[in-house]
Amino acid sequence: MALSASDLCVGDERTAVVVDNLTRTQLVQYAGASGDYNPLHTDEVYTTQVAGYPSVFAHGMLSMGATARIITDWVGDGRLLSYGVRFVKQVWPGDTLTARATVVAVQVPAQGSGDHPVVELAVVTTNQHGEEVVTGTATARLDP
Amino acid sequence: MSAQRFPVEAAQIMLFARAIGDPNPIYSDEDHALASEVGSVIAPPTFVQSSAQHDPDYHLRPKIGEPWFGSGREPTGVPRQLRNGSGGGGGGGGGGGGLHAEQHYQYHRPLRAGDTLSAVTRPGATWEKVGRRSGSLHFSETITEYRDAATGELVVTARAVGVRTERAVTQDPPASREA
């Protein structure tokens, strides 16, 4: 079902767990699906012994991809106009990520302009310690 | 990343959606998709990252017959004489190396299974900041336009911001916020 401008108010929000106890296997899945085979995400030996990190860690783009679900599940499929994030903190195996989307603005075009209303959302994803890992914004087309 | 030809295939969309943990049937179920508003299987919002698979020069994919910096017999496959003390590769999904600081997309129309795109990347802005733990931070932007290969229609515009650090960061590398 498409979302209408009349369904939304500034401040409305949705929250969902988008990664539960991140596994190294999911990092392997993401490497294979995306084509980013950087060993920092899948090769514990290289990452701990050569690169000097405590363990492998998630591709930022995995966190961004998982976070997108909070937006697309709300606004509907094929309705996204823009989506952008900052990678604030690394995500590690075992982490659980909760994404929250909040309505920042609903732009309603002048009647008869032929344009669609647009919702602007703020997005933030936090880990199990409450620390922000990804923050961003999205815009999506609405029904009148 | 650049790719002459980036076929957007249904099976690859399904694998990508599984990898990001999104069970939305619009990414895998053709019957569901045909009956939906959008009318076909579409790709998740970050799917164009997988154009790396079609970029012949993508630096974060092992190449047949070439050394790879991940572990094998030794913890890294980078030849000893090439190591600089800070480890092999680094890299990231961002601006051609370093860590990925930001990623932004504009969607001009839904990306559908069966589309074939071309991807052309150009450099954007560069800037510097001084980080608390990592010394100077060099930020650089790359912009990639994904177009319908047949019509030239712009489908997705991607803007990546990468950051390189002066010193190796051993833990908790900087995001773009650190300054």
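All values below come from the heavy atoms of this structure, side chains included, with hydrogens, waters and symmetry mates left out.
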Can you name the nearest heavy-atom pair linking A:Ala138 to A:Ile71, along with the distance? CB-CD1, 3.8 Å

Start with the C-alpha gap between B:His104 and A:Tyr83, add the side-chain angles, then the distance that decides, and say whether ring pair (Phe, Tyr, Trp, His ring centres under 6.0 Å) holds. CA-CA 6 Å; B:His104 304 268; A:Tyr83 175 38; 9.2 Å; no

Can you tell me which of A:Gly60, A:Gly136, A:Gly32, A:Ser82 forms the most heavy-atom pairs within a distance under 4.5 Å of chain B? A:Ser82

Atom group of B:Phe47 that falls short of 4.5 Å from chain A, counting heavy atoms: neither

Which bit of B:Pro110 is near chain A, if near means a heavy-atom gap under 4.5 Å: side chain, backbone, both or neither? side chain

Nearest heavy-atom contact between A:Tyr46 and A:Pro39 is CD2-CB, 3.7 Å

Which bit of B:Gln12 is near chain A, if near means a heavy-atom gap under 4.5 Å: side chain, backbone, both or neither? side chain

Which of B:Asp22, B:Val38, B:Leu15 touches chain A most, by non-hydrogen pairs under 4.5 Å: B:Asp22

Contact class of B:Arg109 relative to chain A, heavy atoms under 4.5 angstrom: neither

How close do B:Thr46 and B:Tyr107 get, counting heavy atoms only, and between which atoms? N-OH, 4.5 Å

Carboxylate-amine/guanidinium contact A:Asp143 A:Arg79, below 4.0 Å: yes

At a heavy-atom distance under 4.5 Å, which candidate from B:Glu37, B:Gln106, B:Arg112 has the highest pair count against chain A? B:Glu37

Whatever's closer than 4.5 Å to a heavy atom in chain B on A:Asp43 counts as side chain

Anything under 30° is parallel, anything over 60° is perpendicular, the rest tilted; go ahead and classify A:Trp92 against A:Tyr53. tilted

Is chain A contacted by the side chain of B:Asn24, its backbone, both, or neither, given a heavy-atom distance below 4.5 Å? side chain

Polar side-chain atom of B:Gln103 near backbone of A:Arg86 as donor-acceptor pair, under 3.5 Å: no

At a 4.5 Å cut-off on heavy atoms, which part of A:Asp73 comes close to chain B: side chain, backbone, both, or neither? side chain

